Participant: 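Before I ask anything, let me first share the structure, which is written out below as structure tokens.
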Amino acid sequence: MKKSSKIDLKYIIIALAILLVGAALTHFTRHVEDNPYKDDQIEAASRMFEAEAYMKEEILSLGIPIEAEDLNQTGLLGPEFTELTSTPGDVDAKRTSLSPDFAALMVRYYNQAGMKAGDTIAIGSSGSFPGLLIASLIAADVMDLDVRLICSLGASMHGATRPDYNIFDILHALENGGFADFSVLAVSPGGNNDQGGGVLEGVLYTGTDELSKSLCHESGFTVLDFDDMAENIRCRLSLYGKGIDLFVNVGGASPNCGTSSYTLNFPQGLVLEPPTIPTTDDRGLNYEFAALGVPVINMLNVRKLAADNGMVYDPVPFSDVGESGVYTDIEYRTWVPAVFLIISVSVLVYGVVRKRNEEKKSV
């Protein structure tokens with residue numbers, strides 16, 4: 001009977017060792033360089049830091065206390081429950097989203113999406129992540145992008161939940177303080193079906209839907225009020241108009257994210273290749289713009305956004321401007337693992353050939 005050729009264990013061990021060495025060298029020979037747009041990132045992050053300080057002064061001047069959970073003392077972390085609280089929310093995500101590094105992240109996303117001065121972006125936002133909205137608007141202003149904004153009042157826990165300093169007040173502060181220039185096309189109540197009201201209606205509060213609509217009308221902006229989601233979405237598309245080069249969603253407002261079962265399928269961050277686009281009329285603006293071939297930036301899962309871009313999650317204090325991974329790009333020497341893979345395979349082939357030759361000599 002002819003013996004079957006087997007490779008000696010030592011060659012397998014040697015091959016694995018070579019692969020491990022290659023992997024280690026790949027890590028240690030990686031090249032880290034500053035993004036070509038780092039100056040814009042630093043300007044945006046610095047301006048966001050100044051804007052938050054400006055708003056903190058406004059908040060304190062109104063006699064509004066800083067929340068105990070606001071570990072970085074921004075003043076922009078809202079209470080857990082108020083008349084405007086629409087859905088659950090993680091306090092650590094809300095703290096993280098107030099980091100000025102998110103303005104730097106938006107500069108990165110705008111550049112990766114190919115935006116240049118004079119391009120037009122549409123932003124749809126709720127009040128859930130005021131930090132992300134501030135970041136999006138300031139980054140756009142730094143890059144001289146034309147911004148068309150539609151904003152909803154409702155906010156998840158620890159977002160812009162204060163009736164006396166809500167997301168509309170934040171928008172006014174950004175304009176009055178000269179931190180960003182943008183056009184507010186319209187506002188809406190937000191919350192369930194974009195009809196306003198808080199999650200604790202009838203438990204701790206009453207008349208929350210009336211309060212939401214009243215604050216919208218007091219904002220000075222055009223107010224949208226639709227009880228039909230498909231009509232709401234169509235109206236927003238019409239308001240944004242033609243020539244939109246990029247859509248940015250901040251938070252989880254129903255008209256932007258949709259109310260269909262496909263809502264959670266839309267990826268986070270910059271989306272250049274969207275998933276399968278549903279045909280339902282409640283699919284939301286993320287899908288509507290994707291269907292038009294417009295890039296989308298979906299800002300909702302803060303933990304993932306931070307992890308994907310080299311940013312610290314829930315930092316106390318915030319990272320210094322210019323220091324986190326969002327300002328750099330990492331390039332790996334791809335030829336290193338390729339060379340070591342070839343060597344490793346060669347060792348295995350040599351082991352097989354050597355074993356066969358030994359078997360022939362023994363016959």
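The model shown is predicted, which means the values in this text are computed figures rather than measured ones.
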Participant: Please report the C-alpha distance between D144 and K116 in whole Å, then the side-chain angles of each, then the deciding distance to 0.1 Å, and finally whether the salt bridge (charged side-chain N to carboxylate O under 4.0 Å, His left out) criterion is met.
Facilitator: CA-CA 8 Å; D144 196 23; K116 58 187 182 300; over 6 Å; no

Participant: One pair to check against side-chain hydrogen bond (donor to acceptor under 3.5 Å, both in side chains): T259 and D282. What are the steps and the verdict?
Facilitator: CA-CA 6 Å; T259 57; D282 60 347; 3.1 Å; yes

Participant: Is any side-chain heavy atom of D164 closer than 4.5 Å to a side-chain heavy atom of L62?
Facilitator: no

Participant: Can L153 be reached from M229 by stepping across I, L, V, M, F, W or Y side chains whose heavy atoms are under 4.5 Å apart?
Facilitator: no

Participant: For side-chain contact (heavy atoms from CB on, under 4.5 Å), just list the numbers for N193 and S254, CA-CA rounded to whole Å, side-chain angles, deciding distance to a tenth of an Å, and then say yes or no.
Facilitator: CA-CA 7 Å; N193 204 42; S254 299; 5.9 Å; no

Participant: According to side-chain hydrogen bond (donor to acceptor under 3.5 Å, both in side chains), who are the partners of Y165, at least two apart in sequence or on a separate chain?
Facilitator: E58

Participant: Should the heavy atoms of other residues, nucleotides or ligands under 6.0 Å from CZ of F49 be counted, would the total exceed 12?
Facilitator: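 No, because the 6.0 Å sphere around CZ of F49 holds 12 heavy atoms or fewer from other groups.
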
Participant: Does CD in E57 sit with more than 12 non-hydrogen atoms of other residues, nucleotides or ligands closer than 6.0 Å?
Facilitator: no

Participant: Identify the residue among N72, D70, D90, D314 that makes a side chain to side chain donor-acceptor pair (under 3.5 Å) with R95.
Facilitator: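 In the set N72, D70, D90, D314, the residue that makes a side chain to side chain donor-acceptor pair (under 3.5 Å) with R95 is D314.
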
Participant: What donor-acceptor contacts under 3.5 angstrom involve side-chain atoms of residues 200-207, with partners at least two apart or in another chain?
Facilitator:
from: E201; atom 1: OE1; to: G207; atom 2: N; distance (Å): 3.2
from: E201; atom 1: OE1; to: T208; atom 2: N; distance (Å): 2.9
from: E201; atom 1: OE1; to: T208; atom 2: OG1; distance (Å): 2.6
from: E201; atom 1: OE2; to: G207; atom 2: N; distance (Å): 3.2
from: Y205; atom 1: OH; to: F81; atom 2: O; distance (Å): 3.4

Participant: For residues 232-241, pull every pair meeting side-chain hydrogen bond (donor to acceptor under 3.5 Å, both in side chains), keeping only residues two or more places apart or in separate chains.
Facilitator: S188-R236, D194-N232, D194-R236, N232-R236

Participant: Under the criterion side-chain contact (heavy atoms from CB on, under 4.5 Å), I'd like the reasoning laid out for L137 against L174: C-alpha separation, chi angles, the key distance, then a yes or no.
Facilitator: CA-CA 9 Å; L137 294 170; L174 284 173; 3.8 Å; yes

Participant: Closer than 3.5 angstrom, by distance alone: can the side chain of D320 be matched with the main-chain N or O of E323 as a donor-acceptor pair?
Facilitator: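 Such a contact is absent between D320 side chain and E323 backbone.
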
Participant: What about V316 and V326, same hydrophobic cluster or not, with Ile/Leu/Val/Met/Phe/Trp/Tyr joined at side-chain heavy-atom distances under 4.5 Å?
Facilitator: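 Not linked; separate clusters.
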
Participant: For S319 and V312, work out which heavy atoms get closest and say how close.
Facilitator: OG-CG2, 4.0 Å

Participant: Using a 4.5 Å cut-off on heavy atoms from C-beta on, say whether the side chain of T120 contacts that of V147.
Facilitator: no

Participant: Are E50 and S46 close enough, and set up right, to give a side-chain hydrogen bond (donor to acceptor under 3.5 Å, both in side chains), and what steps lead you there?
Facilitator: CA-CA 6 Å; E50 294 168 0; S46 299; over 6 Å; no

Participant: Please tabulate, one pair per line, all N/O donor-acceptor pairs under 3.5 Å involving side-chain atoms of residues 126-133, not counting sequence neighbours.
Facilitator:
from: S126; atom 1: OG; to: S128; atom 2: N; distance (Å): 3.2
from: S126; atom 1: OG; to: S128; atom 2: OG; distance (Å): 3.3
from: S128; atom 1: OG; to: S156; atom 2: N; distance (Å): 3.0
from: S128; atom 1: OG; to: S156; atom 2: OG; distance (Å): 3.2

Participant: In sequence, state the C-alpha distance, the side-chain angles, and the governing distance for E43 and R47, and then conclude on salt bridge (charged side-chain N to carboxylate O under 4.0 Å, His left out).
Facilitator: CA-CA 6 Å; E43 181 180 349; R47 198 186 297 182; 2.9 Å; yes

Participant: Rounded to the nearest 0.5 Å, what separation is found between the CD1 atom of I138 and the CE atom of M143?
Facilitator: 14.5 Å

Participant: If only atom types and distance count, is the side chain of E52 paired as donor or acceptor with the main-chain N or O of T74 below 3.5 Å?
Facilitator: no

Participant: Quick one: are M106 and I297 in side-chain contact, heavy atoms under 4.5 Å?
Facilitator: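 Yes - at least one pair of side-chain heavy atoms lies under 4.5 Å apart.
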
Participant: With clusters defined by side-chain heavy atoms of hydrophobic residues (ILVMFWY) lying less than 4.5 Å apart, directly or transitively, does I121 cluster with F289?
Facilitator: no

Participant: Listing request: all ring-ring contact (aromatic ring centres under 6.0 Å, His included) pairs with a residue in residues 139-161, at least two apart in sequence or in separate chains.
Facilitator: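 Found none.
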
Participant: Applying side-chain contact (heavy atoms from CB on, under 4.5 Å) to K213 and L211, what does each step give before you reach the verdict?
Facilitator: CA-CA 5 Å; K213 293 179 180 181; L211 174 63; over 6 Å; no

Participant: With side chains defined as the heavy atoms from C-beta onward, is the minimum distance between M48 and D101 less than 4.5 Å?
Facilitator: no

Participant: CG/L149 to CG/L185 distance, rounded to the nearest 0.5 angstrom?
Facilitator: 7.0 Å

Participant: Less than 4.5 Å apart, any side-chain heavy atom of D141 and any of F179?
Facilitator: no

Participant: Would you say that L76 contacts I134 through its side chain, given a criterion of any heavy-atom pair below 4.5 Å between the two side chains?
Facilitator: yes

Participant: Could you check E67 against K94 for side-chain contact (heavy atoms from CB on, under 4.5 Å), going step by step and ending with a plain yes or no?
Facilitator: CA-CA 12 Å; E67 297 297 302; K94 301 306 174 74; over 6 Å; no

Participant: Report yes if the side chains of L285 and N249 come closer than 4.5 Å at any heavy-atom pair, otherwise no.
Facilitator: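 When only atoms from C-beta onward are counted, N249 and L285 do not touch, as no gap falls below 4.5 Å.
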
Participant: Tell me whether S86 contacts the main-chain N or O of G198 through its side chain, where contact means a donor paired with an acceptor under 3.5 Å.
Facilitator: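 Between the backbone of G198 and the side chain of S86 there is no qualifying donor-acceptor contact (under 3.5 Å).
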
Participant: What heavy-atom pair brings V248 and S136 nearest, and what distance separates the two atoms?
Facilitator: CG1-OG, 4.0 Å

Participant: What heavy-atom pair brings G89 and M157 nearest, and what distance separates the two atoms?
Facilitator: N-CE, 3.2 Å

Participant: Would you indicate whether N192, at its atom CG, is surrounded by more than 12 heavy atoms from other residues, nucleotides or ligands within a distance under 6.0 Å?
Facilitator: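 No - once you tally the heavy atoms of other residues, nucleotides and ligands closer than 6.0 Å, there are 12 at most.
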
Participant: Checking the side chain of D308 only, and the main-chain atoms of L305 only, is there a donor and an acceptor separated by less than 3.5 Å?
Facilitator: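 Looks like no, no N/O pair under 3.5 Å.
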
Participant: Heavy-atom count around D39 CG within 6.0 Å, excluding the residue itself: above 12?
Facilitator: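 No, CG of D39 has 12 or fewer neighbouring heavy atoms, counting only those of other groups under 6.0 Å.
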
Participant: Kindly give the heavy-atom pair with the smallest separation between N298 and P267, and that separation in Å.
Facilitator: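 Shortest heavy-atom separation between N298 and P267 comes out as ND2-O, 2.9 Å.
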
Participant: Quick one: pull up CZ in F182 and CD1 in I123 and give me the separation to the nearest 0.5 Å.
Facilitator: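 Here the interatomic distance stands at 9.0 Å.
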
Participant: Hydrophobic clustering (ILVMFWY, side-chain heavy atoms < 4.5 Å, transitive) - are V187 and I170 grouped together?
Facilitator: yes

Participant: Go through the side-chain N and O atoms of S214 and E210 and say whether any donor and acceptor fall under 3.5 Å apart.
Facilitator: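 Judged by distance alone, the side chains do not pair up.
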
Participant: Taking T161 for the side chain and P79 for the main chain, is one N or O donor matched with an acceptor at less than 3.5 Å?
Facilitator: yes

Participant: How far does CD of E33 sit from OG1 of T328, to the nearest 0.5 angstrom?
Facilitator: 9.0 Å

Participant: Could you tell me which residues satisfy side-chain contact (heavy atoms from CB on, under 4.5 Å) with K38, sequence neighbours excluded, listed by chain and number?
Facilitator: D34, Q41, I42, Y327

Participant: Say you draw a straight line from CG of N265 to CZ of R283; how long is it, rounded to the nearest 0.5 Å?
Facilitator: 14.0 Å

Participant: Atom OH of residue position Y262 - does it have more than 12 heavy atoms of other residues, nucleotides or ligands inside 6.0 Å?
Facilitator: no

Participant: Nearest 0.5 Å, please: how far is CG in L300 from CZ in F266?
Facilitator: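 So the CZ of F266 and the CG of L300 are separated by 12.0 Å.
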
Participant: Should L264 and F247 be counted in the same cluster of Ile, Leu, Val, Met, Phe, Trp and Tyr side chains packed under 4.5 Å apart?
Facilitator: no

Participant: Looking at every heavy atom in both L71 and A68, which two are closest together, and how far apart are they?
Facilitator: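 Distance-wise, the nearest heavy atoms are CD2-O, 3.8 Å.
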
Participant: Could you tell me which non-hydrogen atom of G269 sits nearest to which non-hydrogen atom of Y109, and how far apart they are?
Facilitator: CA-OH, 3.6 Å

